[in-house]
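Quick caveat: nothing in here was measured; it's all calculated off a predicted structure. Here is how names work: the chains are called A, B, and so on, in the same order as the sequence lines, proteins then strands, and each is numbered from 1.
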Amino acid sequence: MVDLTRLNSAQHQAVTAPDGPVLVLAGPGSGKTRVLTLRIAYLVGARGISPDRLLAVTFTNKAARVMEERVSQMLGGQKQALDGIWMGTFHAMCARLLRREARDHLPIKSNFIILDSDDQESLIKRILKEMNINDKTVKPSSVHAAISTAKNELIDPQDYPSSNYRDQIVRRAYLRYQELLRENNAVDFDDLLLLSVRLLQANDVLRRHYSRRFQHVLVDEFQDTNTAQYELVRLLSSENKNLFVVGDEDQSIYRWRGADFRNVLRFEQDYPGCVKILLEQNYRSTQTVLDAARAVIDKNRDRTRKALFSERGAGEPIQFHEAVDDRAEAQYVVDTIVSMVASGKAKPGDFAVMYRTNAQSRLLEEAFLRSGQPYRLVGAQRFYGRREVKDLIAYLRLALNPDDELSLLRAIGVPPRGIGDRTLDGLRAVAAQNRTSPGQVLLSLGTLGEESPFWAAFRGRGAAMLADFGAQLAGWSSAAENIPLPILFDRILDEIAYREYIMDESEEGQDRWDNVQELRRIAYEYENRGLAAFLENIALVSDQDTVPENQEAPTLLTLHAAKGLEFAQVFIIGLDEGILPHSRSRDDPEEMAEERRLFYVGLTRAKDRLYLVRSLRRSSYGSYEDSLPSRFVEDIPAWLLKHSGQRRTSYTSRGFGAYSIGGYAPQDVTWAAGTGQAKPPSQQAGPVVQPRYQPNYRVRHPVWGEGLVVDSRIIDGDETVDVFFDSVGFKRLVASLANLEIIQ
DNA sequence: AAGGCCCTTCTTTTT
DNA sequence: GAAGGGCCTT
């Protein structure tokens with residue numbers, strides 16, 4: 001029934017594993033998705049388990065969709081073969097759980113709205129202003145990040161530390177933030193997880209109910225789970241303990257979102273009897289690609305070493321190209337693709353171009369446009385993050401729930417309707433005095449006019465303006481659940497004259513209107529499911545869900561967005577220090593290790609050919625700056641690379657004997673410029689045994705001037721000194737190269 | 001109240 | 001080099 005004959009033995013073992021905890025460590029290209037889908041098909045088809053007893057968590061909605069299709073196919077092509085299964089992202093699953101249980105068990109109503117990160121940040125901005133905190137000293141984004149991290153770690157506001165000034169600020173902001181969310185019947189992304197965990201922890205009846213119902217729990221991309229997600233999975237599988245997780249520590253790239261690949265190690269500890277299976281055969285890449293990838297990733301610690309192998313043979317060498325500047329870098333990509341296509345060696349759809357930051361896509365797009373070549377772009381500015389889209393979503397949310405103050409504040413100002421800050425302050429004050437929401441005040445003004453008890457509270461013009469808007473709102477609100485969504489959508493557009501507002505003379509006007517039309521088209525798809533379902537899905541879609549399916553043109557995407565995908569030919573551009581690894585990771589070894597994994601993910605997307613590209617100088621801010629080759633490229637053995645373009649800068653010209661934490665050290669290997677040949681370490685002073693520099697020594701560096709020694713130790717026979725320089729801050733130096741002078 | 005202009009300030013990655 | 005904030009004018 002379910003065909004298991006084409007599996008290798010490790011895959012077969014995973015798919016048919018007996019009940020109990022199972023950990024599958026799956027290297028890139030090792031058939032991970034296949035194993036997961038077959039496992040589900042096996043459970044349903046061969047073990048006779050009803051789909052509604054299964055919970056399968058994926059990382060993106062798209063992954064869930066793909067998996068559902070494939071399993072259905074394996075089970076004979078009927079859609080209803082999987083009826084009742086819970087399959088989706090953590091966030092979608094939690095939203096579903098919370099909406100079901102909100103009424104009886106939670107501090108929110110089941111029609112809560114889900115804030116995206118823009119919403120969160122503007123709310124935090126408001127709170128800091130309210131707290132009279134100068135948002136230059138404490139940045140809203142960092143408070144946001146701190147709160148998000150806390151939630152991912154399951155730390156409630158009252159448990160947040162207050163040991164220093166910054167923590168105290170964050171703590172107060174966090175308390176107030178949660179208060180405002182509850183007042184607005186809103187949750188943020190992180191709350192979806194946190195509240196779900198709290199729900200199951202606090203209510204043993206519910207925990208038992210769900211964990212009995214889910215006879216098997218399966219989790220994809222397990223290395224990207226955070227503490228909250230780990231706990232959630234643990235709770236949901238607590239009765240049956242049939243927990244099947246698939247992951248790869250080396251592909252963990254969401255640390256900044258709270259993910260911790262150590263959850264893989266933790267799994268082994270928490271489930272001591274678990275079956276552990278390594279998938280090491282790679283069916284995707286040539287051996288050259290794998291050798292390069294392995295050389296890069298083997299420098300990381302705290303991981304299960306995997307011996308990835310391929311039966312595909314060595315294949316083509318890796319092309320390493322150095323362009324004069326970032327414009328030439330982009331042009332090289334386009335030219336190479338064009339000539340490969342012209343010579344019949346490849347189709348346009350075979351190519352992907354990957355980069356560290358979204359900003360890098362701009363020059364690529366320009367180069368493609370200049371050459372008249374089509375391309376498809378993943379992500380960049382999120383569709384649902386665009387202003388015009390968010391405007392309309394605010395109106396729709398408001399129609400569904402007039403108490404939604406956050407949406408009201410947005411909608412009331414666009415298009416401008418003569419209601420300014422003063423009137424708005426008045427509105428909120430009146431609402432607060434009467435213990436109701438601004439939306440209710442508006443509705444009252446709109447329906448009762450001068451008869452409204454609130455009318456007198458506003459001075460002449462303000463009241464009229466508010467009443468006009470209130471009347472519109474009353475109309476949408478009563479229509480929200482009674483007329484088809486597309487009609488409501490058009491009615492709002494029409495009544496607020498949005499088209500006229502947006503289609504000004506500017507060039508973007510048309511683009512924006514096109515986006516509105518796209519949103520309208522999506523609204524049509526929800527004609528039968530209604531407004532609430534539409535808004536729910538909008539809140540939970542990701543960029544990776546919107547990867548275009550057409551295979552006709554090269555794909556441009558970030559390295560993060562590339563995870564899980566594969567392409568015949570892959571370009572990774574911007575292989576310079578400061579870009580990849582990103583400068584923000586320079587001083588943190590953990591982050592540096594993650595940059596390395598990110599590069600590893602990129603490398604292992606390639607089936608046949610890899611092009612690594614950098615440029616000698618690139619524009620940052622507005623002016624050009626010289627850049628140095630990425631340390632990661634230097635980790636790839638020379639014999640795997642073919643060099644082209646400008647001559648590479650040799651190591652010796654890099655820095656002043658300084659290197660950053662967690663990465664390359666000058667004594668590793670030195671390259672002779674341009675030859676592509678490795679030569680043995682050069683500047684090797686005799687091994688040092690005792691540190692010469694002690695903490696608190698004052699030292700002078702020829703370039704950075706004076707600084708204070710923070711730490712010093714012997715690494716690989718040379719002394720490594722951490723210095724905090726007055727001019728440039730923290731640097732890590734190799735003593736034999738740095739030429740430090742001890743002052744006192 | 002709203003729009004325009006000039007200033008600064010940053011730039012990772014995204015469920 | 002873009003985007004947002006502050007300040008000015010209408």
Residues that A:R96 engages under salt bridge (charged side-chain N to carboxylate O under 4.0 Å, His left out), provided they are two or more places apart: none

For the student: nearest non-hydrogen atoms of A:R596 and A:V296, plus distance: NH1-O, 2.9 Å

Over all atoms of both residues, closest heavy-atom pair of A:P629 and A:E577: O-CG, 3.4 Å

Round to a whole Å and report the spacing from [atom1] of [X] to [atom2] of [N].
X      : N      : atom1 : atom2 : value
A:L557 : B:dT13 : CG    : P     : 13 Å
A:R257 : B:dT14 : CZ    : C1'   : 5 Å
A:Q223 : B:dT13 : CD    : P     : 20 Å
A:D191 : B:dT15 : CG    : C1'   : 14 Å
A:E594 : B:dT14 : CD    : P     : 12 Å
A:L193 : B:dT15 : CG    : P     : 13 Å
A:D118 : B:dT14 : CG    : P     : 13 Å
A:L192 : B:dT15 : CG    : P     : 14 Å

Distance below 4.0 Å between A:N358 side-chain N/O and B:dT14 OP1 or OP2: yes

Phosphate-side-chain proximity, A:T558 and B:dT14, N/O vs OP1/OP2 below 4.0 Å: yes

Touch class at under 4.0 angstrom, heavy-atom based, for A:R362 against every strand present: sugar-phosphate

Sugar-phosphate only, base, or nothing, as touched by A:E591 at under 4.0 Å among non-hydrogen atoms: base

Per-nucleotide protein contact string for nucleotides 1-6 of chain B, where B marks a base within reach and S marks sugar-phosphate only (heavy atoms under 4.0 Å, - for neither): SSS---

Pi stacking test for A:W256 and B:dT13: under 5.5 Å apart, planes under 30°: yes

Selected nucleotide, minimal atom distance to A:K139 side chain, candidates B:dT14, B:dC10, B:dT15: B:dC10

Among B:dT15, B:dT11, B:dT13, the nucleotide that comes nearest once only the side chain of A:R584 is considered: B:dT11

Rounded distance [0.5 Å steps], OG in A:S122 versus CG in A:L115: 8.5 Å

Over-ring placement of A:K563 relative to A:Y254, 6.0 Å and 45° cut-offs: no

For chain A, the stretch of DNA chain C it reaches, first to last nucleotide, under 4.0 Å of its heavy atoms: C:dG1 to C:dG5

Pairwise P distance, C:dG4 and B:dT13 [rounded to whole Å]: 15 Å

Parallel, tilted or perpendicular: rings of A:W256 and A:H560 (30°, 60°): perpendicular

Parallel, tilted or perpendicular, as decided by the 30° and 60° cut-offs, for the rings of A:F222 and A:F267: perpendicular

A:R327 atom CZ: more than 12 heavy-atom contacts under 6.0 Å: no

Criterion salt bridge (charged side-chain N to carboxylate O under 4.0 Å, His left out) on A:R234 and A:E231, from CA distance to verdict: CA-CA 5 Å; A:R234 198 184 64 79; A:E231 183 61 11; 2.8 Å; yes

A:E329 side-chain N/O to A:G574 backbone N/O, donor-acceptor pair under 3.5 Å: yes

